[in-house]
Amino acid sequence: MSRTGTPSRTTPIDATPGCPASGCAAPVDATAAGADPGAAVPRRLLIGGQVRRPASLTVADLRERWAQHRSRVVFDCATSGPRRHTFEGPLLREVVGDAGPAFDARRRKDRSRFLLSVTGGDGHHAVLAWAEIDADFGAAPVLLAASLDGRGLDTAGSQLVVPTDRCGARYISAITGIWVGTWEAAGECDGGPGER
């Protein structure tokens with residue numbers, strides 16, 4: 001179980017990707033995310049879909065309940081030039097894993113069928129395959145950031161951080177929800193992929 005009950009040592013994750021294409025979305029800080037610094041109610045993100053224990057979490061929950069990891073990233077995007085940021089937060093796989101995705105954890109093929117759709121406060125979405133973050137497959141150190149450049153994201157909301165990406169298009173600011181499930185459960189088609 002990844003829950004620690006107390007804050008733990010921060011594990012560094014270094015990445016220095018470049019982005020030759022235009023249209024990269026750079027990470028957003030707390031002030032740019034439109035957060036009200038005087039807001040009394042902290043932002044929450046909901047984890048749902050095909051999970052055994054749906055969750056509603058604050059940034060403080062992310063900071064206090066899971067081990068923290070640090071990721072230093074550099075994005076060289078055509079639209080904004082080089083962007084350097086340091087994020088800290090728990091690994092996405094640990095947080096979602098504690099919600100109990102409805103797969104058989106002993107069966108790799110069952111785990112590899114699952115997707116995660118992350119939604120931000122501005123309606124921006126990103127999709128990841130569970131295999132990208134699973135330790136038996138890609139083991140990408142994707143974070144749910146609780147801080148950006150040393151500042152807490154409590155009022156702005158957590159950010160999805162994909163340090164292995166070459167640009168920031170899958171960095172989702174002010175996360176409102178994480179849906180977990182299979183392609184069939186998403187209702188996108190009547191049959192499996194490729195069937196009509």
Side-chain angles (χ1 to χ4, degrees), residues 2 10-35 45 47 49 59 62 66-97 101 108 111-153 156-183 186 188 193:
S2 60
T10 302
T11 304
I13 302 167
D14 289 319
T16 310
C19 181
S22 62
C24 293
V28 178
D29 67 19
T31 54
L45 69 89
I47 300 176
V59 171
L62 296 175
W66 289 275
Q68 300 295 290
H69 300 266
R70 180 179 298 122
S71 182
R72 292 183 181 96
V73 295
V74 177
F75 294 96
D76 188 14
C77 295
T79 56
S80 61
R83 301 285 303 261
R84 291 173 174 77
H85 294 286
T86 300
F87 294 94
E88 288 187 24
L91 292 172
L92 174 64
R93 70 174 164 256
E94 292 179 355
V95 176
V96 173
R108 291 178 180 151
R111 295 191 324 251
S112 70
R113 297 181 314 117
F114 275 69
L115 305 169
L116 298 99
S117 175
V118 181
T119 304
D122 62 356
H124 188 169
H125 297 273
V127 176
L128 296 98
W130 179 264
E132 286 183 78
I133 61 175
D134 190 295
D136 284 340
F137 296 96
V142 177
L143 299 182
L144 290 175
S147 72
L148 165 64
D149 297 331
R151 296 184 312 273
L153 292 170
S158 180
Q159 284 191 249
L160 183 71
V161 178
V162 189
T164 55
D165 279 4
R166 297 188 61 186
C167 65
R170 290 198 296 180
Y171 278 58
I172 304 296
S173 299
I175 298 172
T176 58
I178 301 172
W179 176 88
V180 181
T182 61
W183 175 265
E188 295 295 328

Quiz prompt | Test side-chain contact (heavy atoms from CB on, under 4.5 Å) applied to Val142 and Glu132, step by step | solution = CA-CA 9 Å; Val142 177; Glu132 286 183 78; over 6 Å; no
Practice problem: Check step by step if side-chain contact (heavy atoms from CB on, under 4.5 Å) holds for Leu62 and Leu153. | Solution: CA-CA 11 Å; Leu62 296 175; Leu153 292 170; over 6 Å; no
Quiz item: Can you list the steps and then say if Leu144 with Trp66 is a side-chain contact (heavy atoms from CB on, under 4.5 Å)?
Solution: CA-CA 11 Å; Leu144 290 175; Trp66 289 275; over 6 Å; no
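Under a 3.5 Å cut-off, the side chain of Gln159 and the backbone N or O of Gly157 do not form any donor-acceptor pair. Using a distance-only test at 3.5 Å, with no hydrogens or angles considered, a donor-acceptor pair links the side chain of Arg93 to the main chain of Ile133.
Between Ser112 and Phe137, the shortest heavy-atom contact is CB-CZ, 4.1 Å. Nearest approach of Pro163 to Ser71, heavy atoms of both residues: CB-OG, 3.4 Å.
With contacts defined as side-chain heavy-atom distances shorter than 4.5 Å, the pair Leu143/Pro141 does not qualify. Under the 4.5 Å side-chain criterion, counting only non-hydrogen atoms from C-beta, Pro90 is not in contact with His69.
Between His85 atom NE2 and Tyr171 atom OH the span is 9.0 Å, to the nearest 0.5 Å. Interatomic distance, Leu160 CG to Phe87 CZ, rounded to the nearest 0.5 Å: 10.0 Å. With rounding to the nearest 0.5 Å, the separation of CD in Glu88 from CG in Asp149 is 10.0 Å. Of the inter-residue distances, the one linking Asp134 atom CG with Leu128 atom CG reads 12.5 Å to the nearest 0.5 angstrom.
With sequence neighbours excluded, the residues satisfying salt bridge (Lys or Arg N to Asp or Glu O under 4.0 Å) with Arg108 are Asp136.
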Pairs under 3.5 angstrom only: tabulate donor-acceptor contacts from the side chains of residues 114-123 to other protein residues two or more places apart or in another chain.
unit_1: Thr119; atom_1: OG1; unit_2: His125; atom_2: ND1; d: 2.9
unit_1: Asp122; atom_1: OD1; unit_2: His124; atom_2: N; d: 2.9

